[in-house]
Amino acid sequence: MADARRRSRTRLVVPAALVVAVLLVTAVVVGLPDARDGLLPGPGGSASPSASPSPRPQDELDAPGYDPDPGPLALPDVAASTAEPVTASFAVPEGAQRWDGSIGLSFEATDLASPLWGSESSNLDETLEALDSPVLRFGGNSVDRRMWWTSSGESAPDWAEATVTPADLQRVAAAAEAADASVTITLDLGHDDPQRAADMAAHAREAFGRRLLAVSIGNEPNGFFHANQPQLAVRDDSWDTDAYRAALTEHSAAIEAVAPGTPIAGPGAYDAPWWRAFAESGIPHQRALTMHWYPLWDCTGPASSIANPTVEDLTSPALRERARQLIGMGAQVAEQHDLPLWMEETGPTSCPGTNATSRTHAQALWSGDYALTAAESGVERLAFHATLQACQGGAPMSPVCATGSLDRPGELLRGRTSFLALLQLAQLPAGTVLAPAVSGDGRIMVHAVLGDDGTLGVMIVDLRDPEGAAPVPVQLSAPGGLDAAAPTAWTLTDGSLLAGDSLEAPESRLGAPAAPAGALAQAPLGRGAPLSVASTPGSTLLLRFAPVAEAAPSDSGGASDQGGAAEAGG
């Protein structure tokens, strides 16, 4: 897995650096969408026969705002700030989560039938590979209402919007292999056909092999009958947790009959009684407890609510605390039943349509902070809900979307602001998620991952609005409580900055990891030697540190620890 992660990370950074012209072409393409239909002409208006062929859009990662060659990482001079410093320290918590293929995308089950999977005209593979061993999940409301599975060529019923076949699973599996992705598949529980669901599970195991972590039986069964959502009803008012457990037992038996030993995760619900209903159902091969959460659910709530779909609520520290509380409830149930906790579907808001948070820089800031907060709170695997629909008119909160029209989305995908956040999260090392202790009012949060190879990744998320706010010093202390074999000192090697003009801005900017400039170059971090850096409002700063080999004893002596704080600025 480590080798695969290194290959995936190379695909993101190295090719882009080798073909800087790709980004120039992409910039033109963003401004002139019609140019995607053919090669762009060279200088003078016609293609030169001696020039190298222009890169094809289907071979590129399309992520407006991403700079693969940003130049040295420069930050404001920390010594120039008179603000009270924010202090951050880290420790290894009991039962610490790993960061290694921990985040990715959730798609509707109907997307399994999309022609983008395996298409030579699509950049879907490039989009997924850039996320560095992502998680992929297929489910959503469509699986129990609009997806038809068949392995025998039956005609789809009238209610079906998409037919999924074994050939579709094979195409998706090829993409998962290329992206080194892990996969979960949700089976239809809405139409109460255990044999058909079991048949899909058997074909999924065959198609995905070791990459299939689990299947789930139904999506959000707590919403199968809800008085406030009659349009989603697939059961009557007799549906409850007892009925759900009975259905689980029947479907599990059918799966065991045709695909023995298939791991099952569930319930994919947003309500604690249903978590316990799955965990206590007694079905065999339980793989994980899964939950869904969209923090801004109060679509028409009062101003006093902290769950309104507004930029103010999205960037409020209160939302982080609410995430810790709710995820902590799920983690407690999971721990009681000796199961890992997965957040199989999430995003900023479940409110329909476009709102004030849609496609904003604030969404990018929230995505990075939330993903790491979830990991610190006990989540092993997290998938942001996404769509393969068009950017214009499609799901407004999706990290990715297609560049065509609503009725003809096309096969080229583009990453939005929150996709840039996922790219930056993919730059963290594979390792142990540390527990942070951060001072201040929560507007500036700091997260860290200690890599298996001794490297250290620190992410500073500054939720303050760039308009009118000034940089603030953040004093980083070396992680404490490490075992004897762990490093005791590090030097700063590189970092990346995700930034935007305002919280409401429709675009974000992210540079690839770059060596720091000025006093930041090779800045030290160690016991008794904290490092102070400047946090820019409305930004996410990732700093990566390499371990320092312990110096051999010498006759002249010397101190192993340095006193005071090292200050560094751009």
Side-chain angles (χ1 to χ4, degrees), residues 6 9-24 26-27 61 63-81 85 88 130 132 361 364-365 368 417 420-421 423-429 444 446-449 451 453 455-462 466 469-476 489-501 507-526 529-548 565-570:
R6 282 192 289 271
R9 191 167 277 133
T10 301
R11 283 194 292 268
L12 171 63
V13 178
V14 175
L18 292 177
V19 288
V20 176
V22 170
L23 269 296
L24 298 178
T26 303
L61 170 67
Y66 178 70
D67 186 354
D69 188 17
L73 177 67
L75 297 176
D77 183 1
V78 70
S81 175
D132 195 14
H361 178 55
L365 298 177
T417 60
L420 296 183
L423 289 183
Q424 191 176 40
L425 287 167
Q427 297 167 7
L428 285 164
I444 297 176
V446 190
H447 308 276
V449 175
D453 56 358
T455 58
L456 178 67
V458 176
M459 185 170 280
I460 303 172
V461 183
D462 193 326
V472 167
V474 176
Q475 186 181 90
L476 305 173
W490 294 262
T491 56
L492 180 60
T493 57
D494 62 15
S496 66
L497 184 68
L498 174 70
D501 294 331
E507 297 178 352
S508 301
R509 301 180 299 275
L510 172 67
L520 274 174
Q522 296 296 307
L525 174 68
L531 173 66
S532 290
V533 297
S535 177
T536 304
S539 72
T540 300
L541 173 64
L542 173 65
L543 300 174
R544 302 198 298 194
F545 298 82
V548 176
E567 292 189 353

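Closest non-hydrogen pair, A364 versus L498, comes out as CB-CD2, 4.0 Å. Here the closest non-hydrogen pair linking Y66 and A512 is OH-CB, 3.2 Å. P471 and A534 get closest at one heavy-atom pair: CB-CB, 4.3 Å. The minimum heavy-atom distance between A426 and A130, with the atom names listed, is CB-O, 4.1 Å. Between G538 and P466, the closest heavy-atom pair is CA-CG, 3.7 Å. Scanning both residues, P64 and L420, for their nearest heavy atoms gives O-CD1, 3.7 Å.
Two residues are said to be in side-chain contact when any heavy atoms from C-beta on lie closer than 4.5 Å; L541 and T536 fail this criterion. Side-chain contact between P513 and L542: absent, with no pair of heavy atoms (C-beta onward) separated by less than 4.5 Å. Using a 4.5 Å cut-off on side-chain heavy atoms (C-beta onward), V446 and V458 make contact. For the pair L456/L525, a side-chain contact is recorded, criterion being any heavy-atom separation below 4.5 Å from C-beta on. Here the side chains of P473 and S81 are in contact, with some heavy-atom distance below 4.5 Å.
In this structure, the separation between CG on D67 and OG on S496 is 11.5 Å, given to the nearest 0.5 Å. Atom CG of D462 and atom CD1 of I444 lie 4.0 Å apart (nearest 0.5 Å). In this structure, OG1 in T417 is found 11.5 Å from CG in L510, a value given to the nearest 0.5 Å. Between I460 atom CD1 and L497 atom CG the span is 10.0 Å, to the nearest 0.5 Å. With rounding to the nearest 0.5 angstrom, the OG1 atom of T493 is 8.0 Å from the CZ atom of F545.
Put simply, the side chain of Q424 gets close to the backbone of T540: a donor and an acceptor are under 3.5 Å apart. The backbone N or O of V472 lies less than 3.5 Å from no partner atom in the side chain of S535, so there is not a single donor-acceptor pair. Counting only distance, with no hydrogens or angles, the side chain of R544 and the backbone of Q427 share a donor-acceptor pair below 3.5 Å.
Legend: side-chain hydrogen bond (donor to acceptor under 3.5 Å, both in side chains) pairs involving residues 508-518, not counting sequence neighbours, sorted by first then second residue: H361-S508, D501-R509.
Just one of L492, T491, V548 meets the side-chain contact (heavy atoms from CB on, under 4.5 Å) condition when paired with Q522; it is T491.
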